[in-house]
Number of protein chains: 2
Amino acid sequence: METRELRYFVAVAEEANVGRAADRLGIAQPPLSRAIARLERRLGATLFDRTPRGMDLTDAGLTLLREGRVALAAMEAAERRTRRTAQTPGESRIVLTAKPGSAGEVMVKLLDAYAAEPDAVDVEVVFSPPRHQALMLRDGRADVALLHRPFDDLSGFDVETLLVEDQVVIVPAGHPASQRTSMTEAEARSISDLPCPRWPEIDGSYPDGPGPEMRDLTQMVQLVRLGRTAIVLPESVQAYVRDGVAVVSLVDAPRVTTVLAWPPHSTSVGVAGLARTAARL
Amino acid sequence: METRELRYFVAVAEEANVGRAADRLGIAQPPLSRAIARLERRLGATLFDRTPRGMDLTDAGLTLLREGRVALAAMEAAERRTRRTAQTPGESRIVLTAKPGSAGEVMVKLLDAYAAEPDAVDVEVVFSPPRHQALMLRDGRADVALLHRPFDDLSGFDVETLLVEDQVVIVPAGHPASQRTSMTEAEARSISDLPCPRWPEIDGSYPDGPGPEMRDLTQMVQLVRLGRTAIVLPESVQAYVRDGVAVVSLVDAPRVTTVLAWPPHSTSVGVAGLARTAARL
DNA sequence: AGCAGTCATACCGAAAAGGTATGGCAACGG
DNA sequence: CCGTTGCCATACCTTTTCGGTATGACTGCT
């Protein structure tokens, strides 16, 4: 199976429509139809059910979509890391990706401690949208990432735990709920006049729902102050909030673990050094 | 980067010689030379240093070899698992791979317990050479494997621990060392007239050394009886030895953990059921 | 019934892959 | 020191594949 065929397949699977997929790929529709048919012939598997409204994935197609995305990410990672090795002889820089504002405190401590090491290399910090950190690690855009259990998918990475913390709910200062000293997660999510905000999906779209669309922490604090939402977050975000909001602890919410993660088999001395520093914190 | 190009690159990297790699790939040498040159141009990286004796990998080439093997295994896995999904509707069978004789006891217990489950599917057990289990899991030839820490590379897999055991050394019954009740691993490996056996590498070749080439457990027991070798192994192999050998415990050898491992994101109900059964043992 | 949308097929030109023949270059041995 | 031997690269040709345009077949909707 060639990389191109697999990219074509993924495009068709995601669009559920050959014509739109062809547009996205920048080719005409007929060659794409043929490529899919040939791929099916070579695999000996029907990947799509053809309907009058488009293409429906079969079970085999679902398998290829799931496994194929992993394979494509691995191909991209191989390519990217090779380019970078060629361009930066001696490895003078590594890329760390994190969610903006996530565990800011621990990240500063980690980077400061690492920079003090004798053999430290430059660490370029790249902020990326929520949940994109693992993707960037998988496809080689980043060498190391700050991930959060249980939200991120840590499977396949080596990790070092940096911080374990409870979650809290942030409510408007004057709201009746602000009088409580603690509540359950279910209670926090069902305060009738304070709907939960909607976080973006991996593809950048927002799910349907009553809450506001959440983009960053600054905006979040404003929305809470305005009495538009209540938001469940790890307690370390208290560093970002000031007046106008109240913090109520949650009794049953899962703990959030912040970890430093990197691909197994990483040969980077920078990543190894950062991991060693993390283990000492 | 296309799959074909990457396969060509890996062949040349492994052979360190374009002509031999071309033979192995079943194509002529000039197209392969051109393919490598084009890949280097497209990556913007020099992958090989050309010497009068062949091709030497550069740092960038080493990166591509390491990452590229992972990517190729992922591509193969995607292809294989898609074929299998198409061929076995309803998933009536999963493939488990293990080293022959490894933790025989615990494997029997696991399979018996799983077979007693109400929704159990058939488990095909495929024995493969030592260290091949993880490869088979990575490229989709197996759905689940019995691996051994610290010998196998578990990175990237989900695991369930089945058994933790000490290691022992097996020596000929009449040998002076058989009088000891315990020794250190270093002592066991340096008994002058009993050299350690040589296990095959991943590629099936044997390293150089004085000891005999080890193929399977039956042969091993014979070799120990004949006074040709002493061998360090997990204690569960005592089930396979009878007369003519003595077992001496080791005080400092690392413990061996037998785990059930499977790829993350596995959607197989068979694998999930087996993992659940393993967790209960 | 006509129309809008879908995917498939037919046919053609362009690009890429593969084969054979051959050239250049360095190391090695007489 | 010169021929031989192994290398890899280049030149040139053939075959395959890839992509584009035009068009057909089929379904659901108005």
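So that the names make sense, note that chain A is the first sequence line, chain B the second, and so on, each numbered from 1.
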Task: D:dC18 phosphate, OP1 or OP2, under 4.0 Å from A:R4 side-chain N/O - done: yes

- [ ] Measure the distance from CZ on A:F48 to C1' on C:dA8 and round it to the nearest whole Å.
- [x] 15 Å

Task: CZ/B:R53: more than 12 non-hydrogen atoms of other groups inside 6.0 Å - done: no

TODO: Figure out the CD1/P separation between B:I36 and D:dC8, and round it to whole Å.
DONE: 11 Å

Task: Whole-Å distance separating the CZ atom of B:R53 from the P atom of C:dC25 - done: 19 Å

Open item on the list: Quick check: on DNA chain D, is the nucleotide nearest A:Q29 upstream (toward 5') of the one nearest B:E40, or the reverse? Name the residue that is more 5'.
Closed with: B:E40

Open item on the list: Taking CZ in B:R198 as the centre, count heavy atoms belonging to other residues, nucleotides or ligands within less than 6.0 Å. Is the count above 12?
Closed with: yes

TODO: Could you check which of C:dA27, C:dG19, D:dC8 has an atom nearest any side-chain atom of B:P52?
DONE: C:dA27

Open item on the list: I'd like to know if the side chain of A:R20 and the backbone of A:E15 have a donor-acceptor N/O pair within less than 3.5 Å.
Closed with: yes

Open item on the list: Determine whether a donor-acceptor pair (one donor, one acceptor, N or O, separation below 3.5 Å) exists between the side chain of A:R34 and the base of D:dG20.
Closed with: yes

Task: A:F48 backbone acceptor or donor facing A:T46 side chain under 3.5 Å - done: no

TODO: Select base, sugar-phosphate, or nothing to describe what B:Y8 touches, counting heavy atoms under 4.0 Å on all strands.
DONE: sugar-phosphate

Task: Residue A:S33, side-chain heavy atoms: nucleotide from C:dT9, C:dG18, D:dG20 that is nearest - done: C:dT9

- [ ] Among the candidates C:dT20, D:dA22, D:dG28, find the nucleotide nearest to the side-chain atoms of A:P30.
- [x] D:dA22

TODO: Could you check how far CG of B:L39 sits from P of D:dA9, rounded to whole Å?
DONE: 13 Å

Open item on the list: What is the separation between atom CD1 on B:I27 and atom C1' on C:dA16, rounded to the nearest whole Å?
Closed with: 13 Å

Task: OP1 or OP2 of D:dG6 under 4.0 Å from side-chain N/O of B:N17 - done: no

Open item on the list: Can you measure B:M55 atom CE to D:dG6 atom C1' for me and round it to whole angstrom units?
Closed with: 14 Å

Task: Evaluation steps, side chain to side chain donor-acceptor pair (under 3.5 Å), between B:T63 and B:E67 - done: CA-CA 6 Å; B:T63 298; B:E67 303 269 337; over 6 Å; no

Task: Protein-nucleotide distance (A:L25, atom CG; D:dC18, atom C1'), rounded to Å - done: 14 Å

TODO: Using atom CZ of B:R20 as one end and atom C1' of D:dC8 as the other, report the distance to the nearest whole Å.
DONE: 13 Å

Open item on the list: If the cut-off is 4.0 Å, is A:R38 near the phosphate of D:dC18, judged by side-chain N/O to OP1 or OP2?
Closed with: yes

Task: Distance below 4.0 Å between B:R50 side-chain N/O and D:dA9 OP1 or OP2 - done: yes

